[in-house]
K.L.:
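Here it is: the structure, laid out below.
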Amino acid sequence: MSSAQPHAAIPDFGALISKDRVHTSLYNDPDIFAAEMKKIFERTWVWVAHTSHIPEPGDFVTTHVGQQPVIVNRDRDGKIHVLLNRCRHRAATVCETRKGNARAFVCPYHGWGYKQDGALRGVPQPKSYDDDFDKSDLGLVALRVAQYAGLIFATFNEDAEPLDGFLGDAKPWIDLFMKQGGGYPVAVGGEHRFWFPGNWKIQLENTTDAYHFPIVHASFLDSLDSQAEDMFAFLEGDGYVQDLGNGHSVMVMMPELVDLGADLDRPIPDRFEALAEDLRKNHREQDVRRIVRAVGGTGFNINLFPNLACSMAFFRILRPISVAETEIRHIALTMDGGPTAANQARLRLHEHFQGPMGFGTPDDADAWERVQMGSQAGPDLSIMLNRGISGDGHGPNGSNRGDVSAETGMRAAYQMWKRMMTA
Amino acid sequence: MNKKNGITFDEAIAFIWAEADVLDRRAYSTWLDLWADDGLYIIPIESDVDDYATVLNYIYDDARMRRMRVARLTSSNSMAATTVAETVRTVSRFVKTGSENTGIEIRAAQHLAEYKRAKHRLVPATLDIELRRHNGKIKMVRKVVTLASRADGIQGIAYLL
Ligand code: FES
Ligand SMILES: [Fe+2]
């Protein structure tokens with residue numbers, strides 16, 4: 001073979017990202033999307049489930065890492081596994097239900113059976129295989145798994161840095177987020193699942209975009225009482241966005257709702273007064289105040305690159321389907337073992353804003369769809385991300401930090417995108 | 001059947017057809033008047049739930065939330081609602097599921113076709129509707145819209161089902 005074989009040109013992904021803008025093709029180029037799946041979703045830690053999804057031995061959920069279907073389960077010893085949902089014989093999925101409890105996974109095509117840890121237990125009619133047929137080579141492919149504060153992540157990459165280091169400065173914020181259990185563990189409590197015809201990064205940006213709120217969510221704001229409306233007028237307040245490293249960021253909209261365990265003496269908002277009165281029947285005043293303060297969630301969004309956000313009162317999960325199709329899940333959170341009235345209040349609050357028929361999400365989704373449509377025009381133009389850029393380098397310890405409507409979190413995500421796409 | 005408060009099968013069907021027409025015409029304030037004050041409008045994620053209040057739904061609206069929802073859809077402040085979706089719905093396959101003593105319970109099929117941004121989409125659902133008479137007028141006490149696609153991702157819906 002001649003050594004003059006031409007090399008396929010490696011696209012210069014780094015050139016698409018500047019400090020204050022990114023190239024429009026990031027939203028609509030199928031080749032970039034294909035590279036993202038390989039270089040990002042198959043290389044980094046991807047959120048797959050919360051421990052409360054699979055509390056008991058045998059519990060499982062099915063989901064995706066990038067575009068690859070996986071099973072997340074807990075074995076009889078309590079250990080969590082993330083397994084490719086693909087039979088090692090001729091590729092059928094071994095599990096088609098979204099959640100359940102299974103002692104084993106038996107492929108419906110020819111009946112190969114796998115244990116909870118993915119090991120191949122047995123195959124029907126083994127006699128027509130040769131002697132070198134080695135079951136120990138043919139278990140379901142297992143991903144690396146790690147967890148923090150109940151959040152379960154998986155990666156294909158044996159060389160990825162430990163999850164602890166990857167989350168880094170986001171960890172104290174995750175701890176604060178989990179205080180919305182109000183003294184109880186946080187548990188998932190149902191979810192809204194919807195999709196929109198647009199690129200996944202449009203949604204990634206949106207979680208750290210306070211700028212759109214009064215415009216896109218005007219009809220939601222109209223539906224609030226005046227106290228709540230004031231609380232959501234955060235563009236006038238002292239909030240901020242801070243780069244947390246590795247593509248992660250936090251956007252603090254309501255600084256008074258950063259630590260839900262503190263300031264329990266604050267007056268109870270009018271909209272929660274009836275709930276507080278109800279809770280007083282069975283709880284001490286201090287507990288009532290802690291639960292009520294936690295019921296509406298936190299005042300900040302943590303955007304964790306690439307697919308999870310801990311967003312005020314819920315988890316936002318994005319799943320890239322194709323370059324112009326993205327699935328979003330808004331997972332409601334409850335207080336595990338907490339008072340029924342408080343948990344029902346949390347579910348009703350979630351329904352009010354979230355989901356395909358909420359007062360907020362359909363308007364967000366409409367805006368994202370327009371971004372995707374508009375990005376067909378002016379293919380050489382840029383997506384501008386320069387709001388609050390003067391705060392870069394001026395946050396705590398020289399970090400990037402801008403006011404609440406700064407695009408600091410988006411710049412953080414795209415710098416991580418660049419790092420991974422050019423690695 | 002209790003003559004004074006009862007509702008016949010035919011009356012129920014006529015009411016449900018009229019409601020469908022009201023919704024396709026987006027006459028939402030008329031729609032609010034079709035409800036009993038304690039009525040519940042529910043679009044569940046899971047089916048066969050005993051008490052929808054205890055689980056997450058797409059919609060779990062009492063009278064206050066219904067009023068707010070209509071205000072949102074009719075204000076010009078919702079970008080999703082101002083990009084109008086044309087809907088054409090047919091309700092049929094009526095089955096009586098409860099007693100006729102003080103009202104009536106009906107299960108029916110709803111085929112809704114939506115047209116928005118040059119695209120059609122189908123939103124099929126089963127309706128469970130409970131009607132009761134209030135001062136002689138038929139009112140909706142409960143409407144549960146169980147979407148065929150409830151468990152999977154659906155695109156935003158900025159009209160009423
Ligand atoms: S594909 Fe699974 S047993 Fe054949
Ligand atoms: Fe939004």
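Labels below follow one simple rule: chain letters A, B, ... track the order of the sequence lines, proteins then strands, and each chain is numbered from 1. No experiment lies behind these values; they were computed from the predicted model shown.
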K.L.:
Out of A/H330, A/H352, A/H192, which one pairs with B/Y58 under the ring pair (Phe, Tyr, Trp, His ring centres under 6.0 Å) rule?
P.N.:
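In the set A/H330, A/H352, A/H192, the residue that makes a ring pair (Phe, Tyr, Trp, His ring centres under 6.0 Å) with B/Y58 is A/H192.
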K.L.:
Do NZ/NE/NH1/NH2 and the carboxylate oxygens of A/R348 and B/D62 come within less than 4.0 Å?
P.N.:
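Between B/D62 and A/R348 there is no salt bridge, as every charged N stays at least 4.0 Å from the carboxylate O atoms.
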K.L.:
Go through the atoms of B/S78 and report whether side chain, backbone, both or neither lie under 4.5 Å from a heavy atom of chain A.
P.N.:
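Both backbone and side chain.
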K.L.:
How about B/D37: does its CG atom have over 12 heavy atoms from other parts shown lying under 6.0 Å from it?
P.N.:
no
K.L.:
What is the minimum heavy-atom distance between B/R72 and A/G358, and which atoms define it?
P.N.:
NH2-O, 3.5 Å
K.L.:
Please classify the contact between B/I43 and chain A as side chain, backbone, both or neither, with a heavy-atom cut-off of under 4.5 Å.
P.N.:
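Only the side chain of B/I43 comes within 4.5 Å of chain A.
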K.L.:
Considering non-hydrogen atoms only, spot the tightest contact between A/D222 and B/N77 and give its length.
P.N.:
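Of all heavy-atom pairs spanning A/D222 and B/N77, the closest is OD2-ND2, 2.8 Å.
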K.L.:
Is the closest side-chain heavy-atom distance between B/Q155 and A/W195 below 4.5 Å?
P.N.:
yes
K.L.:
Is B/D50 atom CG crowded by more than 12 heavy atoms from other residues, nucleotides or ligands, each under 6.0 Å away?
P.N.:
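At most 12 heavy atoms, drawn from other residues, nucleotides or ligands, come within 6.0 Å of this atom.
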K.L.:
Is the count of non-hydrogen atoms from other residues, nucleotides or ligands lying under 6.0 Å from B/H111 atom NE2 greater than 12?
P.N.:
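No, the 6.0 Å shell around NE2 holds no more than 12 heavy atoms from other groups.
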K.L.:
Which atom names give the shortest non-hydrogen contact between B/A80 and A/P362, and what distance separates them?
P.N.:
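That would be CB-O, 3.5 Å.
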K.L.:
Of the backbone (N, CA, C, O) and the side chain (C-beta and beyond), which part of B/L73 lies under 4.5 Å from a heavy atom of chain A, both, or neither?
P.N.:
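When you check distances to chain A, no heavy atom of B/L73 falls under 4.5 Å.
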K.L.:
Return the CZ to OG distance between B/R67 and A/S223, rounded to the nearest 0.5 Å.
P.N.:
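OG of A/S223 is found 13.0 Å from CZ of B/R67.
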K.L.:
So what's closer than 4.5 Å to chain B heavy atoms on A/D363: side chain, backbone, both or neither?
P.N.:
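For A/D363, backbone and side chain are both near chain B.
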K.L.:
Is there a side-chain contact between B/I154 and A/M357, using heavy atoms and a 4.5 Å cut-off?
P.N.:
yes
K.L.:
Would you mind telling me which of B/I45, B/D61, B/N57 makes a side chain to side chain contact (heavy atoms under 4.5 Å, CB included) with A/E351?
P.N.:
B/N57
K.L.:
Decide if atom OH of A/Y184 counts as having more than 12 heavy atoms of other residues, nucleotides or ligands within a radius under 6.0 Å.
P.N.:
yes
K.L.:
Who wins among B/G156, B/S75, B/S76, B/S149 for the most heavy-atom pairs under 4.5 Å with chain A?
P.N.:
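Looking at each option in turn, the highest pair count goes to B/G156.
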K.L.:
Given that the side chain runs from C-beta out, which part of A/E369 has a heavy atom under 4.5 Å from chain B: side chain, backbone, both or neither?
P.N.:
side chain
K.L.:
So do B/R117 and A/R370 actually touch side chain to side chain, heavy atoms under 4.5 Å?
P.N.:
yes
K.L.:
Quick one: of A/Q344, A/H350, A/M373, who has the most non-hydrogen atom pairs under 4.5 Å with chain B?
P.N.:
A/Q344
K.L.:
Under 4.5 Å heavy-atom distance to chain A, tell me which part of B/A71 shows up: side chain, backbone, both or neither.
P.N.:
neither
K.L.:
What part of A/T361 is in contact with chain B, defined as an atom under 4.5 angstrom from a non-hydrogen atom: side chain, backbone, both or neither?
P.N.:
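It is neither, since no heavy atom gets under 4.5 Å.
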K.L.:
Please determine whether the number of non-hydrogen atoms from other residues, nucleotides or ligands lying under 6.0 Å from atom CZ of B/R107 exceeds 12.
P.N.:
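Atom CZ in B/R107 is not crowded, with 12 or fewer foreign heavy atoms closer than 6.0 Å.
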K.L.:
Give the minimum heavy-atom separation between B/L56 and A/L347, together with the two atoms involved.
P.N.:
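Answer, listing the atom of B/L56 first, then A/L347: CD1-O, 3.8 Å.
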K.L.:
Step by step, would you call B/D152 with A/R98 a side chain to side chain contact (heavy atoms under 4.5 Å, CB included)?
P.N.:
CA-CA 10 Å; B/D152 280 316; A/R98 195 162 280 159; 2.5 Å; yes
K.L.:
Name the region of A/R329, side chain, backbone, both or neither, that has any atom closer than 4.5 Å to a heavy atom of chain B.
P.N.:
neither
